[in-house]
Every structure is written in structure tokens, then in C-alpha cells.
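All values below come from the heavy atoms of this structure, side chains included, with hydrogens, waters and symmetry mates left out. Here is how names work: the chains are called A, B, and so on, in the same order as the sequence lines, proteins then strands, and each is numbered from 1.
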Amino acid sequence: MSIPIEEQLAVLQARTVDFFSPEELKRKLEAAQREGRSLRIKYGADPSAPDIHLGHVVGLNKLRAFQDCGHTVVFIIGDFTGMIGDPSGRSNTRKPLSREQVQANALSYQEQVFRILDRDKTEVRFNSEWLSPLGFEDVIRLSAHVTVAQMLARDDFSKRYAANQPISLVEFLYPLVQAYDSVVIRADVEIGGTDQLFNLLLGRELQKLMGQEPQIVLTLPLLEGLDGVNKMSKSLGNYIGVAEPAKEIFGKAMSISDDLMWRYFSLVLNRSDKEIQEWREQVADGKLHPRDVKDRLGRELVARFFDAETGEAASQEFRRVFSAGQIPEDIAIFPIPGDFKDEEGRVGVVALLVASGLCASNGEARRLLQQGGVRIQDNKVTDPQYRFIPDDGMIVRAGKRGFVKLAL
RNA sequence: GGUGGGAUAGCGAAGUGGCCAAACGCAUCAGACUGUAAAUCUGACGACUCACGUCUUCGAAGGUUCGAAUCCUUCUCCCACCA
């Protein structure tokens, strides 16, 4: 608890994009230390997508840093907003969630979040607690604090407005609700991605208007997803979830581009800039193989959410399957139904591929065959008419990632 | 309240009577290559049969026509602008 303030500041400031403001934070830290209390760090989560991914980890890492300095994280689950639904987002209208769904999601959320956060220094709150009792009058009073011009100042809104794209009134209300959360929980600090800057600042404003000391706002970079272009998000499907199986985490890590891996080292694994810079130079000089660096990334990511041994195993498994072209360890078993064989006891490849789930349709199975993606016991099969007598334990391989072991 | 625009395959977006299972881009998948589920190149990408062909798709339901994603009617939903 007695970490020097300067040291705390350095850790807390690392990798931030916006920071309002370091001086204020310093004052707050000093005051807290004097009064022997911890700061309240706010973090809001949307309950509609209970998959925590590496994009979230960037923020969670920062929260953890605050906790390690002795502060308290107030983790707000936006169940209220989740139950109302949200017309935002370009296309997909979010469906309102039922109370049960929200509860289930919240549990799953916590289970994942505490892989990073310190449970003892975290206060989990649901914003329906204070938002549900609000009356329409309260809402209007709240809205009176903000003008449309202020709202339109938000990058996302101004762009859409200019492009004649719809903006729902509810979307205007959301930042306000989020700001109000800050007031209710008396946040000292709020953190979020750079896309949250506006909302975070609004919290500051509202706190001031309501006679509170304004929260410190700091934003963190948005982590690019697997495609290397868009930010990591569930809806784009370009994410690595912290609760995914180890080999998925590893495999996905290996699929990112060489350039991108440095970002992951920095933002997810908290590697120092200096260290990363050294590696980069070694790779550029040819002293270090990028594949090995990425392998390390994969191992460390798995180790982060499981343990070092699991990371090592995932790495070896990956080598075996993709580098050496061998069979994975935990291969799925497909028991061949009795009536599947013809009079001579043979089965057709196409039917087998579909029945075992390796292909979604006969057409897809044929295509895969014609493209040379199917192997039975290491023999390439390209003829869709091919029939064979199955043997117990035969391995059928479809593409790079599809494996099935036959059982009679 | 008024005016205009729109709804096409996972997404974006062409197509305005037959040559449309529907261009193109992205995503996805496969192959080659490799350092890997990177990059690059090539190919595939509704279903059934795969050889021809058949069937179901272009917001929904009807209709016109030998023939409709394309024309008409009604309906549903969405958007912008002006009030």
C-alpha cells in the first residue's frame, strides 16, 4: 500500500492514449494516501456479449495495475441498458436481453474477468440498481445537462450524421447514462478504450455539475483484431477470447500478421517497449525468427489464461499438426452407424464427410475433394465417387483443421 | 404532416423482362509455396446430381407474361430531407 506515488504514476500512465490529467491523478493519489483510503476505479461492461477477449484485456490490465497499487475497481455491469436493447451499431439491432440472460451473462463475465482482476479488490455492481428507480422526470433533468451540439461533437456521431446515417435518440442517452453511473458510484478514475473518450469525459462533466470532484479519465489503445485492421470485437469475429481452449488461443495467435504481434506483446502481455524494440531489431537482423517470436506470443498468451505448461503443450501440438502435418492429440471420434455401409461394407467419402460434420453439404464435400483437401490415412482422395471399407481408428482429414477418427 | 430514397446471397454492393444462382469487393474455405492458421499466388464459394440437368433464392403476399430480382397491386420494415 505504500508504493511511492511517483512509481504508481509511472505504471498507471504507461501505454495510455488520453489522460486527463496526470496532475489531477497525482493529487488524488496523495489525498488518498493521506486519508488512508483507496481510489475507486470505474470500468463499465456491456452484458450482451459475455465473451471477454484480448481487446478487453488491454483495459483490464490497467485496472489490475491500479489494484496492484492498492486501489479498488468498481466493475459495472450494464444490465439496465442491456435489458432495454440498443439500436446503435451500423446494422445489427441488439435484442433486449431477459433478466435471466443478463444474470447468466454477468456470472460468465465475472468468471472470466477474475482471470485478470483481483477479486478482493473488485466491487461488482449492476447499473439497474440505480437506473431502474429513476423516473422520467429524472431522465429529463439529466438530459438537460447536455446539448445536441455537444453530442454531435462525438466523432462517431458527427461522422454518421454527416453521412446521413441514422442515429437513435437512445444512443444520445447512453453516454449520459454512463456518465451518471460515475456520479452514483463516485468514481475517482474511469478507464476505457479511445473510442470511449467522449463518454468518459461526459462523466467528468456531470460529476462537476453535480458537485463532485471530477473523475480522472484515461484511455487505452484499441487492440486490432486478427485481421489486423479492425478493432478486436465480438461482432466482427476477429477476436481471441480469454476463455477459449488453449489450442484455439495459440492457433489464433499464430494467425496474426508478423507486424501485429508486437502490439499484442505490448498491450496484452505488458512487455516493455524496450524489450519489444530489441526483439524487433533482432528479427530485422535475421537473428531471431519471426515464427519463433510468434510462437512465444502464443505460449505466453495461453500461459496468461491457463499456465505455462498448457502453453507449452499448445505450442507443441501446433507444431505437430501444422508444421509436421501430423494428427492432433484430441481428435474427434466418429462412430460409423451400422446402416451407413452398403452391402459390401463400404462407405462413400462424400457421405462420410457430411455425416461426420467435416463438411456442411455434399457440394462442399465434393469441392473439398476436388481441391485436394481430403486425406484418408494420409492418402489423398480426390474422387467423389470413392468408396472404401472403413477400419477402426482410420483418420480422415479435411483441410488443415478438420480431423476425425473413425470408429466401428 | 409532406417529399424523396431504400430492402439482393455471411457483410458491402452491382443488376431494372430472357445471356441471372445473380458482376465486383471483403470475409470464408482449399491448393501451391513457406516460417505459420503470416505474406504471396491459384482456385472454389445456394442445394441436389455432378455430365447434362433439376430445384429453392433477390423484404412478404398476390398478379401480368411463354418467361420476373427486374413490370403492376397490396402489405411489412428501414432511412434521409422539409415542416
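- With sequence neighbours left out, the ring pair (Phe, Tyr, Trp, His ring centres under 6.0 Å) criterion links A:Trp279 to A:Phe265.
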Could you list, one pair per line, each protein nitrogen or oxygen that sits under 3.5 Å from a nitrogen or oxygen of nucleotides 50-52 of chain B, together with the distance?
residue: B:rC50; atom: N4; partner: A:Arg366; partner atom: NE; Å: 3.0
residue: B:rC50; atom: N4; partner: A:Arg366; partner atom: NH1; Å: 2.2

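- Nearer to the 5' terminus of RNA chain B, by closest-nucleotide assignment, is the contact made by A:Gly372 (compared with the other of A:Ser255 and A:Gly372).
- Base engagement by A:Arg401 is indicated by at least one non-hydrogen atom pair under 4.0 Å involving a base atom.
- A donor and an acceptor atom, one from each side chain of A:Gln112 and A:Ser108, are located under 3.5 Å apart.
- Contacts of residues 240-253 of chain A with RNA chain B (heavy atom under 4.0 Å): A:Lys247, A:Gly251.
- Residues satisfying the side chain to side chain donor-acceptor pair (under 3.5 Å) criterion with A:Arg263, sequence neighbours excluded, are A:Glu224.
- You'll find a donor-acceptor pair under 3.5 Å spanning the side chain of A:Gln371 and the base of B:rG43, going by distance alone.
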Between the protein and nucleotides 78-81 of chain B, are there any N/O to N/O pairs under 3.5 Å, and if so, what are the atom names and distances?
residue: B:rA80; atom: O2'; partner: A:Asn164; partner atom: ND2; Å: 3.4

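- Interface remark: the A:Asp292 side chain does not form any donor-acceptor pair with the B:rG35 base, using a distance-only criterion of under 3.5 Å.
- A:Arg141 has a carboxylate O that lies under 4.0 Å from a charged side-chain N of A:Glu137, or vice versa, which qualifies the two as a salt bridge.
- Using modelled atom types and a 3.5 Å distance limit, the side chains of A:Thr219 and A:Thr194 yield no donor-acceptor pair.
- Of the possible polar contacts, none joining the A:Gln377 side chain to the A:Met394 backbone as a donor-acceptor pair under 3.5 Å is found.
- Look at A:Ser257 and you won't find any side-chain N or O under 4.0 angstrom from OP1 or OP2 of B:rA39.
- The side chain to side chain contact (heavy atoms under 4.5 Å, CB included) test with A:Arg280 singles out one residue from A:Glu278, A:Gln277, A:Gln282, and that residue is A:Gln277.
- The partner of B:rU28 is B:rA44, by the rule that a Watson-Crick or G-U pair needs both atom distances under 3.5 Å.
- Annotation: side chain to side chain donor-acceptor pair (under 3.5 Å) contacts involving residues 386-400 of chain A, sequence neighbours excluded, comprise A:Asp342-A:Arg387.
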